[in-house]
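One structure below.
In this text the structure is predicted, and so the values were computed from the model without any measurement.
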Amino acid sequence: MSAAPEQYTLHLAWPVKFDELGDVLERIDQTQHGAEEVVATHQRFIGDSVAAQSIRNLVRQVAPTPATVLISGESGTGKEVIARQLHEQSDRTGEFVAVNCGAIPAELLESELFGHEKGAFTGATSQRKGRFEQADGGTLFLDEIGDMPSAMQVKLLRVLQERVIERVGGVKSIKVDVRIVAATHRDLDARIANAQFREDLYYRLNVVEIEIPPLREREADVVPLLTEIVRRHRARHGVGVKFNAMSVEAMRQYDWPGNVRELANLVERLIVSKPHGTITLVDLPVEISGIDAEESVIPLATLQAVDGETIELPEDGVDLRTHLANIERTLISEALAKSDGVVARAAKLLSVQRTTLVEKIKRYDL
């Protein structure tokens with residue numbers, strides 16, 4: 001069970017002077033923000049898919065060990081969430097410190113990681129500890145490691161081998177006890193082949209690899225993620241939205257090129273535009289809904305079946321979700337029969353990802 005956030009007490013003299021009120025409010029905001037950050041570090045990797053369950057199991061196995069971990073996956077899949085979970089579920093007492101290696105200019109990255117001594121370069125007016133020292137006893141998360149400059153790769157390799165650092169401008173070797181977790185959305189094999197990433201560093205980092213599939217291959221995770229994102233917005237801001245069945249199904253079928261980050265951004269935008277409302281197909285972007293934003297009615301009077309025959313809408317209506325599910329189940333069954341049960345071939349017949357088809361087979365108990 002996650003530890004409860006630390007309680008903060010502000011001791012105020014009463015009555016509060018007007019010129020002190022701004023400072024008081026700022027302190028309150030800082031303590032609330034700090035409590036939110038504590039809660040955020042205990043967020044788990046959300047999802048019901050086989051892949052999500054396997055990743056959570058692997059994190060539980062690896063977290064208590066000192067093994068260096070390389071997390072791979074497209075941008076927005078949740079690599080930092082996994083890195084934080086590795087730290088939270090370990091017995092390390094130091095801090096979790098994150099560095100985006102691709103966002104810091106090459107000439108500043110060494111100082112950022114290793115720190116510097118006073119006078120080491122113009123502007124170094126005092127001694128400064130780097131991220132390695134800040135993470136001593138804890139975990140250092142090197143995000144976008146595939147974008148690290150070649151010169152820094154050599155220095156990082158030495159640290160991984162010897163577990164000592166030297167500040168920029170210094171001569172003293174400083175021992176550090178840091179667990180390294182790295183992440184990348186790059187194809188490191190290709191970068192090694194192009195001499196953009198050191199092969200020896202790759203093997204030092206890739207003691208344990210955790211690969212996060214893109215959201216388009218984890219259809220079963222869309223609804224749990226959607227539920228959790230709305231829940232967090234409602235808990236923090238007191239406002240949320242609901243989704244009708246057709247909008248949910250459209251989001252399940254969407255490819256999500258931006259992965260979980262794109263889903264979270266969409267939900268936030270919908271909450272802003274339609275607070276406390278119910279989201280329907282017409283509220284979704286056209287690339288998700290498949291209909292123009294101007295359309296307010298979805299034509300259901302006639303539907304074209306896969307074989308080209310027209311399906312008439314019964315006088316008393318139809319449960320569209322159940323009807324479509326039955327069609328999907330039938331088509332999957334036929335595809336499996338035609339492919340002699342070979343899922344990869346059936347997925348090709350249905351023009352879906354193999355992992356998506358596996359999830360649907362499980363859902364329909366086929």
From CG (Leu113) to CD (Glu133), nearest 0.5 Å: 11.5 Å

same_hphob_cluster(Val62, Val207) at 4.5 Å side-chain heavy-atom cutoff: yes

Glu95, CD: over 12 other non-hydrogen atoms inside 6.0 angstrom: no

Test side chain to side chain contact (heavy atoms under 4.5 Å, CB included) applied to Leu266 and Ile288, step by step: CA-CA 11 Å; Leu266 173 63; Ile288 300 177; 3.7 Å; yes

Side chain to side chain contact (heavy atoms under 4.5 Å, CB included) between Leu215 and Leu225, intermediate numbers included: CA-CA 10 Å; Leu215 189 55; Leu225 282 166; 3.7 Å; yes

Salt-bridge contact Asp283-Lys274 (side-chain N to carboxylate O under 4.0 Å): yes

Donor-acceptor contact below 3.5 Å, side chain Arg261 vs main chain Thr77: no

Over all atoms of both residues, closest heavy-atom pair of Ser90 and Ala63: CB-O, 3.2 Å

Tyr203-Val159 co-clustered via ILVMFWY side chain contacts under 4.5 Å: yes

Pair Glu219 + Lys360: basic N to acidic O under 4.0 Å: yes

Atom pair CG/CG of Leu349 and Leu331 - distance to nearest 0.5 Å: 11.0 Å

Worked check of side chain to side chain donor-acceptor pair (under 3.5 Å) between Tyr254 and Glu262: CA-CA 11 Å; Tyr254 180 55; Glu262 181 183 3; 3.0 Å; yes

Gln153 versus Tyr202, side-chain donor and acceptor atoms under 3.5 Å: no

Straight-line distance of Leu58 CG to Gln53 CD, nearest 0.5 Å: 13.5 Å

Distance in Å, Arg131 CZ paired with Gln134 CD, rounded so as to fall on 0.5 Å steps: 5.5 Å

Intermediate values then yes/no, side chain to side chain contact (heavy atoms under 4.5 Å, CB included), Ser247 and Leu284: CA-CA 7 Å; Ser247 64; Leu284 299 177; 3.8 Å; yes

Spacing of CD belonging to Gln253 relative to OG belonging to Ser289, to within rounding of 0.5 Å: 13.5 Å

Phe243 and Glu249: CA distance, side-chain angles, deciding distance, side chain to side chain contact (heavy atoms under 4.5 Å, CB included) verdict: CA-CA 10 Å; Phe243 295 85; Glu249 188 60 27; over 6 Å; no

Expected output: side-chain Arg179 to main-chain Ala67 donor-acceptor under 3.5 Å: yes

Residue pair Asp177, Arg163: steps toward the salt bridge (charged side-chain N to carboxylate O under 4.0 Å, His left out) verdict: CA-CA 7 Å; Asp177 173 21; Arg163 298 292 169 173; over 6 Å; no

Minimal non-hydrogen separation, Cys101 against Met148, with atom names: SG-CE, 3.7 Å

Closest approach of Ala52 to Ile46 (non-hydrogen atoms, all atoms of both residues): CB-O, 4.4 Å

Stepwise salt bridge (charged side-chain N to carboxylate O under 4.0 Å, His left out) test for Lys172 and Glu166: CA-CA 6 Å; Lys172 178 183 176 182; Glu166 289 179 6; over 6 Å; no

Donor + acceptor pair across side chains of Asp221, Ser49 (<3.5 Å): yes

Ring geometry between His233 and His237 (parallel below 30°, tilted from 30 to 60°, perpendicular above 60°): tilted

Closest contact, heavy atoms only, Arg167 versus Arg128: CD-O, 3.9 Å

Side-chain donor-acceptor contact under 3.5 Å, Ser54 with Asn57: no

Short N-O contact, Arg232 and Glu228, less than 4.0 angstrom: yes

Whether His116 and Phe121 hold their rings parallel, tilted or perpendicular, with breakpoints at 30° and 60°: perpendicular

Minimum-distance pair of heavy atoms, taken over all atoms of Ser72 and Glu209: OG-OE2, 3.1 Å

Exercise: identify the closest heavy-atom pair between Ile55 and Pro213: CD1-CD, 4.0 Å

Salt-bridge contact Glu88-Arg84 (side-chain N to carboxylate O under 4.0 Å): no

Residue from Arg218, Lys79, Arg216 passing salt bridge (charged side-chain N to carboxylate O under 4.0 Å, His left out) with Glu74: Arg216

Validation row, ring centre Phe132 to ring centre Phe114 under 6.0 Å: yes

